[in-house]
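Notes follow the structure.
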Amino acid sequence: MAKIKRVYSCKDCGGQTPQWAGRCGECGAWNSLQEEVQSPASSTSLETIVRHTGYAGEQKNDVQSLSEITSEQAVRWTTGLAELDRVLGGGLVTGSVVLIGGDPGIGKSTLLLQAMAIMAKTSGISPLYISGEESLQQIRLRAERLNLEQTPLDLLAETHTEQIIAVAKERKPQVVVIDSIQTVFTELLQSAPGTVAQVRESAAQLVRFAKSSGTTLILVGHVTKQGALAGPRVLEHMVDTVLYFEGDNSTRFRILRAVKNRFGAINELGVFAMTELGLKEVSNPSAIFLSRSDAPLAGSLVTVIREGSRPMLVEVQALVDESPLGNPRRVCVGLDQNRLAMLLAVLHRHGGITCSDQDVFINVVGGVKLSETGADLAILAAVLSSLRDKAIASDWIIFGEVGLTGEIRPVQAGEERINDAAKHGFTHAIVPKANAPRKAIKGIKVIAVQHLSEAIDALK
Ligand code: TYD
Ligand code: MG
């Protein structure tokens, strides 16, 4: 008999060492190593794979020329939730594998139950919702709360991977949801469910089954405290699409973000609100990130960012306060701290305004994270407004990238941003010169600036 080999695998990154250590040598996470028994891939276990998954490991070796391969247009199903469709790139692609990650309690199960129930009811697709976390009664209770208890949705409470595949083979559902991948286990391995090896192996079997049978597979994954998908990163490589469901537990709003998508653009955002009746789509997200008081306040202003394919208005706030410290603080929520340091340096060098004896705090309202540079000018304007204790009129909007020489650089889709601001009732816009529209836009006066000093003058 082969000797049993023990290894220690990191819960977070999947790195393996033969010896236990307090810290993972690969990703640096503390106390994340778990003991696992590594069973050699014996002939019996391969047989089991073949028996359960129908995957015989045979490969076609026919080389084909790219130009001769006939393309099939990806067929997409609408999930009934337009925001989810948008993030998926226009609907759920048949035969694709999607991973949805998020904190516990953020609403992953609710989102998928709603989407699957609507799909089952309206489009005649037969989804199978497999829960390893909740009993069928709990799901029924949830469905009653969502007014979806009358939908023909098939449910199964099961955590045994081989059993799941057997049921799926028999019933041939078009979509299978596994909630969650951390609860399922395969009999090929002896380690406990939720360990790296189990998650990786179970997911691999499920993905193999989905790809060989053309079933669409949706996996739910939990996220660690650090915000990475628990379990090995290989999970992200195995699937076609990775979505993150994020949000603050203190607010009702939830953001669905694509971080990998073989069938669509990433950076696409879907916005939902969690209500007593489940998740509601928010088709005009600007409205929620803009819960401002009418009276203009110093240090607060609105900018328009672009997330994915649509512009979104967000409020940025700055607080500039005399610092008692020799090394003043630069604190950012929703913005990269280094970016702020750079912007303050440009403000000093090219605007002649110093904050070197001031603490600077920046907050992007609503939990939005700025990932593009188009908000640079707005951040500087907010800093300036707080520093001078002079409010900027609440119907002004500002955007533009600030370069190291103090020039204001254009951003993508400038005209679209100005249009969106005008739609929301803004009357003045400070924008990069290259983004100024050729034709005047009704209802909004555009102030085009080329250099930081011009923007500072415009805000006087
Ligand atoms: P859930 O989908 O169970 O989260 P996850 O699967 O990501 O762990 O969401 C549970 C939370 O959502 C819970 O805190 C209650 C809340 N909720 C509502 O506010 N309204 C509802 O209609 C439902 C179904 C849940
Ligand atoms: Mg859940």
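Every number for a ligand or one of its atoms is a count from 1 in the order of the listing.
Counting heavy atoms from C-beta outward, Trp77 and Thr79 have side chains that stay 4.5 Å or more apart. Counting only heavy atoms from C-beta outward, the side chains of Gln412 and Arg306 approach each other to under 4.5 Å.
Salt bridge status for Arg339 with Asp376: present, with a side-chain N to carboxylate O gap under 4.0 Å. With salt bridges taken as basic N to acidic carboxylate O contacts below 4.0 Å, one links Glu372 and Arg417. In summary, Glu149 and Arg140 do not engage in a salt bridge, as defined by a charged side-chain N under 4.0 Å from a carboxylate O.
Glu158 and His160 form no side-chain donor-acceptor contact under 3.5 Å, judged by distance and modelled atom types alone. With 3.5 Å as the limit, one finds a donor-acceptor pair spanning the side chains of Thr186 and Gln205. Between the side chains of Asp395 and Thr427, at least one donor-acceptor pair of N or O atoms lies under 3.5 Å.
Within a 4.0 Å radius of atom 11 (C) of ligand 1, the protein contributes one or more non-hydrogen atoms.
Given atom 6 (O) of ligand 1, the protein heavy atom at minimum distance is Ser109 OG, 2.5 Å. Residue, atom and distance of the protein heavy atom nearest to atom 23 (C) of ligand 1 are Arg145 NH1, 3.6 Å. If you check which protein heavy atom lies closest to atom 8 (O) of ligand 1, you get Gly105 N, 2.7 Å. Among protein heavy atoms, the minimum distance from atom 16 (C) of ligand 1 is reached at Met274 CE, 3.9 Å.
Other residues, nucleotides and ligands place more than 12 heavy atoms under 6.0 Å from the NZ atom of Lys260.
Using a 4.0 Å cut-off to heavy atoms of Thr110, the atoms of ligand 1 that qualify are 1 (P), 2 (O), 9 (O), 24 (C). For ligand 1, the atoms lying closer than 4.0 Å to a non-hydrogen atom of Pro104 are 8 (O). Against a heavy-atom cut-off of under 4.0 Å, Gly107 is close to the following atoms of ligand 1: 1 (P), 2 (O), 4 (O), 5 (P), 7 (O), 9 (O). Close approach to Gly278 involves these atoms of ligand 1, each under 4.0 Å from a residue heavy atom: 21 (C), 22 (O). For ligand 1, the atoms closer than 4.0 angstrom to any heavy atom of Thr275 are 18 (C), 19 (O), 20 (N), 21 (C), 22 (O). Short contacts between ligand 1 and Arg142, defined as distances under 4.0 Å to a heavy atom of the residue, involve ligand atoms 1 (P), 2 (O), 3 (O), 24 (C).
Under 2.8 Å from the Mg ion (ligand 2) lies an N/O/S atom of Ser109, whether from backbone or side chain.
Heavy atoms of Leu111 found under 4.0 angstrom from ligand 1: none, in either backbone or side chain. Residue-level proximity to ligand 1 for Glu133 is absent, since no heavy atom of it falls below 4.0 angstrom.
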